[in-house]
Amino acid sequence: MSGRSMHSVLVGLVCLAIVSAICCSSVGSSNNIMCLETERHALLQFKQGLVDESNALASWENKKDCCKWRGIACNNQTGHVTRLDFSVRYFNYTEVPLRGEISLSLLELRYLNYLDLSSNDFGGMIIPKFIGSLSQLKELKLAYANFSGPVPPQLGSLSNLHTLDLSENYDVHSENLEWLSHLSSLRYLNMSYIDLSKVVNLPQSLSKLTSLTELRLLQCHLHDVNLRSLSFINSSTSLQLLDVSRNSLNSSIFYWIANVSSNFVHIDLWDNNLEGPIPDVFTSMLSLVTLDLSSNQLEGGIPKGFQNLCSLESLGLAGNQLSENIEDSVKTLSCAENTLENLYLSDNQFWGSLPDLARFSKLRVLDLSRNQLNGSVPESVGQLSSLETLSLSGNSLSGVITEAHFLNLSRLQILFLYGNRFSINLSSDWRPPFQLDLLDVSSCKVGPAFPKWILTQTNLTRLDLSNAGLSGSLPIKVWDLFSGLDGLDLSMNQIHGKLPNLSSTSLLSLDLSSNLFSGALPSFSPMLQNLYLSNNRFSGPLSSLCATQAPNLRVLDISKNLLSGELPNCWMQFQNLISLNLGKNKLSGKIPSSLENCTRLSIVDLGNNNLSGKIPTWIGQSLPNLVILRLRSNEFNGIIPFSLCNLATIYVLDLSHNNISGGLPHCFNNITALADDTRAYGFIVELVWKGIEIEFPNITGLRSIDISSNYLIGEIPPSIASMTGLKSLNLSRNKLTGKLPEDFGNMKMLESLDLSGNQISGKIPTSFASLNFLSVLDLSHNNLSGRIPSGTQLQGFNASQYMGNHGLCGPPLTPNCSPDGATQADDNKEHDNDGLISLGFFISAVLGFVTGFWMVCGSLLFKTSYRYAYFRFLDNAKDWIYVKTAVYKAKVQRRLQR
């Protein structure tokens, strides 16, 4: 090697050493960079304002490098704090969320570009305005942190922001979003669940976010906006995800969608006010992967242009009014047969028979429930090897379901076939290729024996075999299977046998109603929330229920059984009860005081038992949420407690067929739910309606009071007329007196009125003519008088509904009344009182005198033996009177001499 070459090599080595030294020095210095003192002090001040119950910030100590504190990140070159992440997700879901105040000291973190305070609890404080001064912020996440008040417009100063998430702060609102238009770099915006109902400039503000790719405004109370007048110049063409579901937007949103972007990948318009046919606006969106238009009022069918959507993976059209042959709909989606994974078409009016779906090889969810489909299910459905959910429920499908329908469904987890006319014919030794989580084949023909293949489904959490034609007893292995279930429904079958101890199960809901189960009640799961055992043959005391420790029990229905003995006094362990139905048993004794602890009760039905004692006053004081109180057909006595007037939400009050006495309370006007009330309740109730005992699936629209067949006295209080929403009133077979309230007609919603079998007097008030909805009326067997008021309804009833009131007149009871409305009997009485004696009276008097004279005097004149006996009787009578008078006179004289 020459000297020059050697020299070059040496120079290169020296340069390489120098560069290496510099690089090593740089790396060493970066490793030694620590956070700045001012910023560490600012963070400690911020910590002092927080309540950290889980000690999640234990690493925040004064002497340590704050860049190594939990939730903190720093710049490796400068040591400045750049990131604060205090979300619960970053920490641990088991930790208690942070509470307290957000300190102004954060302003010292001048290089902060990431701030996440999500999923904490800031007690309803307003989002601090000073956050708008953290000018370097690129990501701001304040979701689900219990903020309230208006969104501070100062956030519009964060010109570098590309991510803003204020979602799920349910008490936050905004009336003006003009500040949004200044966030030109914004790519992600989520304001879901924030009240934007008063915002009028939203479209204009959004149109200036030219970099926006993802927009989420779920349930923001957005209303109809005239988007056709909006200029779309400089609008974002990069928007890919749009979620404005659960608002009140109308179909003009389609116009905005058509103009704002052609690059949509995900669109969610679920639960708005969209009407008319599905527009063609989506057919040109070739990149569209997800489209959800469910729960609107869309009509027609799936546009033919959907055959261009070859990237579509999920289509939601459930809950509309679409009406199309299901086969044509499937053909429209043929281009997506290699991509479509989720197809939601439930709750529409699709009709026809199911086509071959085998070519949709990637289909994971197929939901065609609650349509108008008919015919049988093709066996090709068994070739959908990716299928996880199959729901065909609520149609008019029929035919036999065999093993071929499940041949390759190894991934199936949810199977809903209920509400069809299927006959499920699977061999007893069949081993399914799947493990189900949810199975509902109710109202299908499954029995008579319990299907053995179900015993292989060890992952089941919900099983519904109601009305499935099952009979006989359950296999012993069934109870082992049930131990892992959350929900079990075997109702409306003919299953018999006794129940074992179920305390070791994990059942949340158990429905065995309408079967032939017998024996004593066992202990149930401590996790139980709903228990339905009605219409069986369970017997013995109810005290065995006390062995069940289920603090979350909400619904208990053991009605229509053979239970006997007194009601137990252990209700304090069921304080979350909402519905209690023990009606139609043989229970006795008094209502136990521990029931007073169940303050959430909305339904109490103890009717048709042998219960006695007084109706407790605490019912009206401790059970303020009662909607139904049914105590009919028992042996309760005493008066109606005035405290029942505190039941402001009562819809059904039935105290009939007891021994209740005293008067009707004068405070019925306090029961506001029996006034005009539009609330709806989903409770099932059995009551006498228009004279017939009916079971109502819910009580929406019902307002009923029945206190018939008791011993009530006194007048009907005028306050009863204030119950303007009352639809049925039955006070029959009591001892009520007095007159009917003049304002009775104010109860214009009355459909059924029975006041028969009382002693009510006076006239029927003319306001009765206003009861236009009245279809059942019985005023018979009272002391009513005068003219029946004129009214289409009142004259349309049978005369028997007025009989037994001898003073009533007019149609339909009599053809007419006198001009003043009195009956003919009333007219005669009035003439007598005036001293006017008619010709008929004279004729009757003369005939009576002549008849009497000849019956007595004539017989004495012409019959000798009669005359002799008559005068002998007079002589004997005279002698008897004389003797008695003399004896009495002597006794008086002797007493006076003493």
Side chains of Arg600 and Asn576: donor-acceptor distance under 3.5 Å anywhere?
-> yes

Would you name the heavy atoms of Leu712 and Ile707 that are closest together and state the gap between them?
-> CD1-CG2, 3.7 Å

Atom of Ile495, atom of Asn515 and distance for their closest heavy-atom approach | N-OD1, 3.0 Å

Any disulfide (SG to SG under 2.5 Å) pairs touching residues 602-657, not counting sequence neighbours?
-> Cys645-Cys667

Please confirm whether the backbone N or O of Leu606 pairs with a side-chain atom of Asn634, one donor and one acceptor, at under 3.5 Å?
-> yes

How close do Ser709 and Arg733 get, heavy atom to heavy atom, and via which atoms?
-> OG-NE, 2.9 Å

Shortest non-hydrogen contact from Cys546 toward Pro568 | SG-CB, 3.6 Å

Sort and list the pairs that fulfil side chain to side chain donor-acceptor pair (under 3.5 Å) and have at least one residue in residues 588-598, not counting sequence neighbours.
-> Asn569-Ser594, Glu596-Ser622

Any side-chain heavy-atom pair of Gln349 and Gln321 under 4.5 Å | yes

Taking all atoms of both residues into account, what is the closest heavy-atom pair of Met723 and Met747, and its distance?
-> O-CG, 3.4 Å

Derivation of the side chain to side chain contact (heavy atoms under 4.5 Å, CB included) call for Leu533 and Leu521 = CA-CA 10 Å; Leu533 301 177; Leu521 296 176; 3.7 Å; yes

Applying side chain to side chain contact (heavy atoms under 4.5 Å, CB included), run through Asp778 and Leu753 and close with a yes or a no.
-> CA-CA 6 Å; Asp778 195 345; Leu753 175 62; over 6 Å; no

Test side chain to side chain contact (heavy atoms under 4.5 Å, CB included) applied to Phe636 and Leu631, step by step = CA-CA 8 Å; Phe636 291 112; Leu631 303 178; 3.9 Å; yes

Should Asn296 and Asn273 count as side-chain neighbours, where that means a heavy-atom distance under 4.5 Å?
-> no

Are any side-chain N or O atoms of Asn782 and backbone N or O atoms of Ser761, one a donor and one an acceptor, separated by less than 3.5 Å?
-> no

With no hydrogens and no angle check, is any side-chain donor or acceptor of Asn536 less than 3.5 Å from a backbone partner on Asn561?
-> no

Donor-acceptor contact below 3.5 Å, side chain Asp489 vs main chain Ser442 | no

Pair Phe744 + Phe768: ring centers closer than 6.0 Å = yes

Result for side-chain hydrogen bond (donor to acceptor under 3.5 Å, both in side chains) between Arg630 and one of Asn608, Asp706, Asn581 points to Asn608

Grab the two heavy atoms, one from Gln297 and one from Asn272, that are nearest each other, plus how far apart they are.
-> NE2-O, 4.1 Å

For residues 723-782, the disulfide (SG to SG under 2.5 Å) pairs (sequence neighbours left out) are none

Applying side chain to side chain contact (heavy atoms under 4.5 Å, CB included), run through Asn783 and Ile760 and close with a yes or a no.
-> CA-CA 5 Å; Asn783 297 323; Ile760 303 171; over 6 Å; no

